[in-house]
Amino acid sequence: MYFYKNEFLSKKDVSLSPDDRGYYFGDGIYEVFRVYHGKLYEQDAHMQRLQRTASEVRIELPFSIEKIEQILTELVLRNELIEGTVYMQITRGEAPRAHPFPTQAEPILLAYCNEVQRPIASIHNGINAITLEDIRWLRCDLKTLNLLPNVMAKQAALDHGVQEVILHRNGIVTECSASNLMMIKDDVLYTHPANHLILHGITRAVVLRLAQSLAIMIKEESFTTEQLLQADEAFITGTTMEITPIIQIDGKSIGTGTPGQLTRRLQNEFERTFA
């Protein structure tokens with residue numbers, strides 16, 4: 001069951017227009033919600049980010065936030081989703097192809113559910129990564145449909161036989177292809193500041209709150225790829241990946257080459273937030 005424009009439909013009945021600006025310009029925004037036990041996780045935070053992104057790119061939401069929340073809740077119920085994700089995007093609407101904002105187009109909401117299991121193996125065992133230059137635009141804080149550089153980075157990871165790419169700008173680590181990055185050195189947690197160069201991740205914010213509750217020192221400041229390779233621990237955070245340790249980068253083991261102690265403590269605390 002999908003929601004498209006103004007109604008709930010089966011997938012086969014959803015008909016996307018070739019004039020949708022999301023199709024030929026990537027002119028739209030999106031959110032991915034995690035569902036645990038049939039409930040949307042961190043719903044308020046996602047909605048706040050949706051509003052901010054919509055305002056920054058000047059897309060008027062087709063419904064009130066309250067109505068969107070009702071739609072997504074109903075979608076989860078209709079799909080009988082217990083554990084998985086809800087994907088939602090809003091495009092600027094349908095209009096003849098021209099770069100300026102159309103004056104008549106009405107924004108379009110599309111949403112659907114996916115049954116997605118938690119990545120237990122990756123969470124417990126950790127993953128490997130490589131580093132690549134960050135070639136994205138300079139408003140990575142906005143969750144828009146313009147994801148081709150991220151797609152290329154993720155494919156590069158797979159081409160190299162690893163699970164993730166760590167992006168950097170002239171040696172300064174930003175984030176990953178589809179997640180935020182944190183490292184631990186001498187019991188201090190480091191992560192890039194939440195500015196225009198990274199997405200302000202919902203799971204990232206939860207982890208920082210948990211770290212504070214555990215009295216882990218936090219430094220939101222930039223660090224280099226060289227410093228990252230000398231880290232005691234490293235992990236990614238994201239809606240679908242939760243807190244996943246990185247045990248090897250560019251062929252070099254991070255710390256002991258196994259998930260670290262502070263990462264494990266954060267994982268345990270994170271699981272309690274939706275248990």
Side-chain angles (χ1 to χ4, degrees), residues 22-34 46 49 53 56-57 85 87-89 114 116 119 121-123 125-183 190-205 207 220-231 233-254 259 263:
Y23 174 69
Y24 51 66
F25 282 137
D27 189 0
I29 62 179
Y30 78 104
E31 285 289 333
V32 180
F33 300 77
R34 198 65 167 88
H46 279 284
R49 185 170 65 184
T53 301
E56 289 291 316
V57 302
T85 61
Y87 175 83
M88 178 189 68
Q89 71 176 36
N114 282 314
V116 179
S122 296
I123 289 173
N125 302 325
I127 62 173
N128 299 333
I130 58 172
T131 58
L132 282 179
E133 186 73 24
D134 192 342
I135 62 172
R136 301 171 300 165
W137 72 326
L138 296 178
R139 289 307 307 273
C140 297
D141 55 311
L142 304 180
K143 201 166 179 67
T144 73
L145 300 182
N146 300 278
L147 295 174
L148 184 56
N150 303 70
V151 170
M152 294 173 66
K154 179 63 77 172
Q155 186 59 48
L158 297 181
D159 291 344
H160 284 80
V162 300
Q163 293 75 45
E164 185 56 289
V165 162
I166 298 169
L167 302 172
H168 65 89
R169 294 182 186 268
N170 297 318
I172 300 298
V173 174
T174 50
E175 54 185 344
C176 300
S177 69
S179 56
N180 292 118
L181 176 74
M182 299 187 182
M183 77 168 192
Y190 293 85
T191 190
H192 195 284
N195 56 20
H196 64 286
L197 296 180
I198 71 165
L199 181 68
H200 303 180
I202 304 302
T203 307
R204 175 186 182 276
V207 171
E220 291 189 69
E221 61 184 42
S222 59
F223 52 87
T224 66
T225 53
E226 289 79 7
Q227 289 173 310
L228 176 61
L229 291 174
Q230 298 302 316
E233 305 176 36
F235 57 87
I236 61 173
T237 64
T239 294
T240 58
M241 295 303 292
E242 299 182 5
I243 302 174
T244 295
I246 297 179
I247 59 174
Q248 186 184 93
I249 300 173
D250 291 339
K252 181 182 184 303
S253 293
I254 301 302
T263 302

Using only atom types and a distance under 3.5 Å, with no angle test, would you say the side chain of [X] pairs donor to acceptor with the backbone of [Y]?
X      : Y      : value
His200 : Asn195 : yes
Asn180 : Leu199 : yes
Lys252 : Leu229 : yes
Asn150 : Ser177 : yes
Glu133 : Asn170 : yes
Thr131 : Val165 : no
Asn114 : Tyr87  : no

Closest heavy-atom contact between [X] and [Y]?
X      : Y      : result
Thr174 : Ile198 : O-CG2, 3.6 Å
Thr240 : Arg34  : CA-NE, 4.3 Å
Val173 : His192 : O-CD2, 3.0 Å

>> Would you call the rings of Phe33 and His46 parallel, tilted or perpendicular, taking 30° and 60° as the class edges?
In response: tilted
Quick one, [X] and [Y] - any side-chain contact, counting heavy atoms below 4.5 Å?
X      : Y      : value
Ile247 : Ile254 : no
Ile246 : Ile236 : yes
Arg136 : Leu167 : yes

>> Run Ile243 and Thr263 through side chain to side chain contact (heavy atoms under 4.5 Å, CB included) and show every step you take.
In response: CA-CA 8 Å; Ile243 302 174; Thr263 302; 4.2 Å; yes
>> Test side chain to side chain donor-acceptor pair (under 3.5 Å) on Ser122 and Gln163; report intermediate values, then the result.
In response: CA-CA 9 Å; Ser122 296; Gln163 293 75 45; over 6 Å; no
>> Can you tell whether the side chains of Lys143 and Glu31 come within less than 4.0 Å, N to carboxylate O?
In response: no
